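For reference, the structure is listed below as structure tokens.
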Amino acid sequence: MKVFYRDLAAKKIDKLVINSLDQALYQAIVIINGEEHIVWQNEKTTLLTRNLTEMREYFEQFDIHEIALRHESAYDEMIGSEPKKNSNRLEVPLGKSPYALPKHLH
């Protein structure tokens with residue numbers, strides 16, 4: 001099931017995961033009722049940004065209690081090794097605000 005950004009206001013988002021795909025390329029994943037869903041911008045395009053703060057700004061208006069930055073490395077595959085059986089996923093918790101200082105102090 002595709003989850004569109006425009007429909008998120010009507011949903012209870014348990015967690016936002018900002019998936020780091022490549023150098024400065026971020027994809028939004030929301031967890032709703034325990035299920036992960038990639039966030040779609042429209043029928044053909046997932047929600048992607050080239051800036052972590054910009055991605056966080058997209059979700060600033062929603063009441064999300066948990067936000068994390070996720071990265072999974074393809075290093076083993078890139079150097080020709082067998083992919084590891086265990087996940088090398090790294091998730092770093094992020095604060096609710098996309099800014100180090102409140103917006104009105106910028």
Side-chain angles (χ1 to χ4, degrees):
M1 168 178 101
K2 285 187 178 180
V3 173
F4 294 97
Y5 177 79
R6 66 180 176 262
D7 300 330
L8 288 177
K11 300 190 181 301
K12 183 184 178 312
I13 303 169
D14 301 322
K15 181 177 180 179
L16 167 64
V17 177
I18 301 172
N19 196 21
S20 175
L21 298 174
D22 197 9
Q23 292 180 358
L25 183 61
Y26 301 97
Q27 175 185 54
I29 297 171
V30 291
I31 299 176
I32 300 170
N33 295 325
E35 290 187 38
E36 286 194 10
H37 303 276
I38 294 173
V39 178
W40 289 78
Q41 194 164 18
N42 57 49
E43 285 290 335
K44 296 180 181 179
T45 311
T46 60
L47 181 61
L48 296 171
T49 65
R50 293 229 171 248
N51 181 300
L52 178 59
T53 301
E54 180 183 1
M55 182 62 81
R56 293 179 74 187
E57 286 174 345
Y58 271 103
F59 291 88
E60 189 177 23
Q61 66 195 1
F62 302 117
D63 183 29
I64 302 171
H65 296 287
E66 191 176 355
I67 302 171
L69 175 64
R70 178 186 290 171
H71 180 74
E72 295 182 69
S73 175
Y75 177 77
D76 292 325
E77 296 169 36
M78 292 185 325
I79 63 167
S81 296
E82 291 285 322
K84 290 189 173 141
K85 292 182 179 19
N86 297 332
S87 172
N88 63 2
R89 178 181 288 176
L90 171 68
E91 275 196 19
V92 178
L94 300 175
K96 287 186 82 171
S97 174
Y99 310 102
L101 295 172
K103 224 176 192 177
H104 69 280
L105 296 177
H106 283 255

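As the structure is a prediction and not an experimental result, all values here were calculated from the model.
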Using residues 25-33 as the side-chain source, report each donor-acceptor pair under 3.5 Å to any protein atom, sequence neighbours left out, with the distance given to one decimal.
unit_1	atom_1	unit_2	atom_2	d
Q27	OE1	N19	ND2	3.4

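With values rounded to the nearest 0.5 angstrom, I67 atom CD1 is found 12.0 Å from M55 atom CE. Here the straight-line distance linking atom CD1 of I64 with atom CG of L8 works out to 7.5 Å at 0.5 Å rounding. Here the CG-CG distance, from L16 to L94, works out to 8.5 Å after rounding to the nearest 0.5 Å.
Placement of L47 and V17 in two distinct hydrophobic clusters is found when ILVMFWY residues are connected by side-chain heavy-atom separations under 4.5 Å, directly or transitively.
For the ring pair (Phe, Tyr, Trp, His ring centres under 6.0 Å) condition, the pairs that include at least one residue of residues 34-60, sequence neighbours left out, are Y5-Y58, Y5-F59, F59-F62. Applying the salt bridge (Lys or Arg N to Asp or Glu O under 4.0 Å) test to every pair with at least one member in residues 18-42, sequence neighbours left out, gives these pairs: E36-R70.
With sequence neighbours left out, N42 forms a side-chain hydrogen bond (donor to acceptor under 3.5 Å, both in side chains) with T45. The salt bridge (Lys or Arg N to Asp or Glu O under 4.0 Å) test applied to D14 returns K12, not counting sequence neighbours. Applying the salt bridge (Lys or Arg N to Asp or Glu O under 4.0 Å) rule to K15 yields the partners E66, E91; only residues at least two apart in sequence or on another chain are considered. Partners of E43 under the side-chain contact (heavy atoms from CB on, under 4.5 Å) rule, at least two apart in sequence or in another chain, are K2, F4.
Counting heavy atoms from C-beta on, the side chains of L48 and Q41 never come closer than 4.5 Å.
V92 belongs to a hydrophobic cluster with L90, counting contacts under 4.5 Å between side-chain heavy atoms of Ile, Leu, Val, Met, Phe, Trp and Tyr, direct or through other members.
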